[in-house]
Amino acid sequence: MTAPAAPRSDLAPQGHPQRWLILGVICLAQLTVLLDNTVLNVAIPSLTTELDASTADVQWMINAYSLVQAGLLLTAGSSADRYGRKKMLIVGLALFGVGSLVAGLAQSSAQLIAARAGMGVGGALLLTTTLAVVVQIFDDTERVKAIGIWSTVASLGFAAGPLFGGFVLDHFWWGAIFLINIPVALIGLVAVARLVPESKTAQGQRPDLVGALLSTVGMTAVVFAIISGPEHGWSSGRVLLTAFVGVAVLTGFVLWELRIPHPMLDMHFFRNQKFVGAVAGALLVAFGMTGSLFLLTQHLQFVLGYGPLEAGLRTAPMALTVVALNLTGVGARLVQKLGTPVVIAAGMSCLAAGLAAIAVLGRHGYGGMLFGLAVMGAGIALAMPAMANAIMSAIPPEKAGVGAGVNGTLAEFGNGLGVAVLGAVLNARFAALVPAAVGASSLPAALAAAGTPGARAEIKDAFASSLEVSQLAGAVAVLAGGLLAAFLLRRAERAEARASGAGVAGQSPVEKAGDRADSAGPAA
């Protein structure tokens with residue numbers, strides 16, 4: 001997301017006269033973009049049946065959206081700063097609407113994957129400009145409240161995707177999930193054109209298009225290798241070559257960013273232990289949240305037999321917990337009281353415990369899942385604000401836009417990685433338990449090929465067992481990453497306390513971050 005824009009001098013002291021109406025339009029557009037990160041999860045049975053989509057196809061339908069956004073968020077932010085935030089918001093709405101139309105009318109898996117990638121371009125432009133516009137149109141007295149509403153909508157949009165998708169699928173066919181975006185995009189286009197004032201940075205940096213291309217290609221190649229591994233074999237030439245290309249291109253991205261004068265991602269930030277710890281945590285929160293929803297919605301529909309709306313309703317406790325704790329500000333208060341490392345460790349431990357509870361207690365019924373979802377929601381609500389604060393406090397104030405962009409990029413890459421890795425674990429375990437089903441492209445295909453009720457029961461049991469193993473693998477990864485992130489953050493804070501002397505050592509992490517921001521001069 002872009003750096004907050006300075007309030008325009010031509011606006012009244014209380015902000016833009018139609019600021020609350022503009023906020024409503026922006027939040028509606030943002031809600032739609034974020035819903036599309038997880039809305040497809042409940043449509044998996046429909047996609048496998050109507051488009052004959054394999055499990056790998058479904059993973060790409062979900063990941064094409066996240067990976068394109070991850071690769072373009074930072075560059076989209078600099079483009080908005082340079083060419084105009086209102087202009088980029090309009091372009092983003094138009095691209096998102098056209099992509100949604102193509103997706104809703106897609107007749108094959110390949111068409112839907114391509115359309116989702118196009119939607120990701122529009123989504124990246126939208127997500128990088130909405131916050132900047134909010135900051136622009138509200139004055140200091142109302143800005144905190146407006147950003148709080150913006151943040152709550154962001155959390156709600158991501159976590160409520162399965163519920164929204166289930167509601168639509170209960171009344172219409174799967175394409176309606178995307179076509180419903182078009183009226184929102186049209187309303188947004190008219191409202192933004194008529195209401196939102198233009199703003200841009202006079203000396204905005206030139207967008208780093210080479211960096212955006214390298215990061216997108218590299219991340220896509222790595223995810224492609226992970227998704228292809230169970231089907232083609234981890235030692236196959238296709239998987240190894242793709243993995244090598246991905247690592248090589250990402251290495252090239254790092255070297256390019258170190259070389260150019262105005263990089264989209266300053267690699268020197270990674271010398272800061274606090275930044276590295278927060279980056280690891282942010283990546284793994286998105287990994288665990290999105291990967292678990294990808295698995296959970298399949299469990300609810302394929303194994304427990306719920307319909308799309310019923311499955312969506314049963315994922316809602318996680319979204320409600322996140323929103324409730326965000327609105328009450330529990331996480332922010334705990335950061336001030338206990339410090340960032342402790343809150344991140346607690347949040348990531350809750351997220352891991354929720355994943356494990358869903359795996360162990362939810363295999364044969366919903367009761368264990370309900371408990372696990374609530375615990376996951378609490379973990380997300382604790383960890384995400386703490387990690388965002390850690391990222392922003394580790395970056396100089398004049399680079400705040402880069403920090404916000406890094407946070408968004410990591411979230412989107414974590415989304416894609418969670419679906420890819422946990423889906424790969426699921427597919428590999430399923431193939432090992434039911435070798436006869438290896439040739440089947442999805443669970444419905446394997447069930448259709450089974451000759452007897454006993455064989456079908458064996459396949460469903462194997463799928464449930466595979467989901468359990470995959471969820472537990474995710475829990476272990478999230479817990480280990482969370483503890484590592486907390487350790488790095490704690491060590492960084494102790495080093496800062498020793499360097500600053502006993503007076504600063506007695507301050508809270510938030511106060512120390514404020515002192516660093518006050519004392520930081522312009523970047524060299």
Calculate, to the nearest 0.5 Å, the distance between atoms [atom1] and [atom2] belonging to [X] and [Y] respectively.
| X | Y | atom1 | atom2 | result |
| --- | --- | --- | --- | --- |
| L467 | L422 | CG | CG | 10.5 Å |
| Q301 | R314 | CD | CZ | 11.0 Å |
| D52 | L47 | CG | CG | 11.5 Å |
| L112 | Q107 | CG | CD | 10.5 Å |
| N63 | Q69 | CG | CD | 12.0 Å |
| I380 | M376 | CD1 | CE | 5.0 Å |

Run the side-chain contact (heavy atoms from CB on, under 4.5 Å) check on L213 and F253 step by step: do they pass? CA-CA 9 Å; L213 178 64; F253 167 72; over 6 Å; no
Determine the minimum heavy-atom distance between [X] and [Y], stating which atoms define it.
| X | Y | answer |
| --- | --- | --- |
| A486 | P341 | CB-O, 3.4 Å |
| A311 | Y306 | N-CB, 4.1 Å |
| E468 | A359 | CG-O, 3.5 Å |
| A221 | G246 | CB-CA, 3.5 Å |
| G218 | V249 | N-CG1, 3.7 Å |
| A485 | I344 | CB-CG2, 4.5 Å |

If you look only at pairs with a residue in residues 320-331, which of them pass as a salt bridge (Lys or Arg N to Asp or Glu O under 4.0 Å), with sequence neighbours excluded?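 Salt bridge (Lys or Arg N to Asp or Glu O under 4.0 Å) check on residues 320-331 returns no pairs.
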Of all pairs that satisfy salt bridge (Lys or Arg N to Asp or Glu O under 4.0 Å), the ones with a partner from residues 166-178, not counting sequence neighbours: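 Every pair satisfying salt bridge (Lys or Arg N to Asp or Glu O under 4.0 Å) with a residue in residues 166-178: there are none.
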Which is it for Q59 and L426 under the side-chain contact (heavy atoms from CB on, under 4.5 Å) test, yes or no, and what are the steps along the way? CA-CA 12 Å; Q59 287 175 278; L426 165 67; over 6 Å; no
With heavy-atom distances below 4.5 Å as the criterion, would you say the side chains of [X] and [Y] are in contact?
| X | Y | answer |
| --- | --- | --- |
| L382 | L325 | no |
| L433 | F463 | no |
| S108 | L51 | no |

Please determine whether side-chain contact (heavy atoms from CB on, under 4.5 Å) holds for the pair Y366 and L373, giving the CA-CA distance in whole Å, both sets of side-chain angles, and the decisive distance to 0.1 Å. CA-CA 10 Å; Y366 179 67; L373 285 166; 4.3 Å; yes
Non-neighbouring partners of [X] that pass side chain to side chain contact (heavy atoms under 4.5 Å, CB included), sequence neighbours left out:
| X | value |
| --- | --- |
| V239 | A225, S228, H232, W234, S236 |
| T220 | W60, L67, T216 |
| V58 | I44, T48, A53, I62, F294 |
| C350 | V375 |

Using only atom types and a distance under 3.5 Å, with no angle test, would you say the side chain of [X] pairs donor to acceptor with the backbone of [Y]?
| X | Y | answer |
| --- | --- | --- |
| S465 | D461 | no |
| R116 | M61 | yes |
| Y65 | V33 | yes |

Pairing residues for F96 by the ring-ring contact (aromatic ring centres under 6.0 Å, His included) criterion, not counting sequence neighbours: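 Listed in chain order: nothing, the list is empty.
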With F167 via ring-ring contact (aromatic ring centres under 6.0 Å, His included) - residues at least two apart: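 So F167 forms a ring-ring contact (aromatic ring centres under 6.0 Å, His included) with H171.
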Taking only residues two or more places apart in sequence, or in another chain, which ones meet [X] in a side chain to side chain donor-acceptor pair (under 3.5 Å)?
| X | value |
| --- | --- |
| E458 | none |
| W174 | E50 |
| Q471 | none |

Identify every side-chain donor-acceptor pair in residues 175-192 under 3.5 Å, counting partners at least two apart or on other chains, and give the distances.
{"residue": "N181", "atom": "ND2", "partner": "D36", "partner atom": "OD2", "Å": "3.1"}
{"residue": "N181", "atom": "ND2", "partner": "S100", "partner atom": "OG", "Å": "3.1"}

Could you check L95, V91, V98 and say which one makes a side-chain contact (heavy atoms from CB on, under 4.5 Å) with V121?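 Of the listed residues L95, V91, V98, the side-chain contact (heavy atoms from CB on, under 4.5 Å) partner of V121 is L95.
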Here's a test for you: under side-chain contact (heavy atoms from CB on, under 4.5 Å), which of V421, L295, L355 qualifies with S470?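 Of the listed residues V421, L295, L355, the side-chain contact (heavy atoms from CB on, under 4.5 Å) partner of S470 is L295.
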Go through V469 and F430 one step at a time and tell me if the side-chain contact (heavy atoms from CB on, under 4.5 Å) criterion holds. CA-CA 10 Å; V469 170; F430 184 62; over 6 Å; no
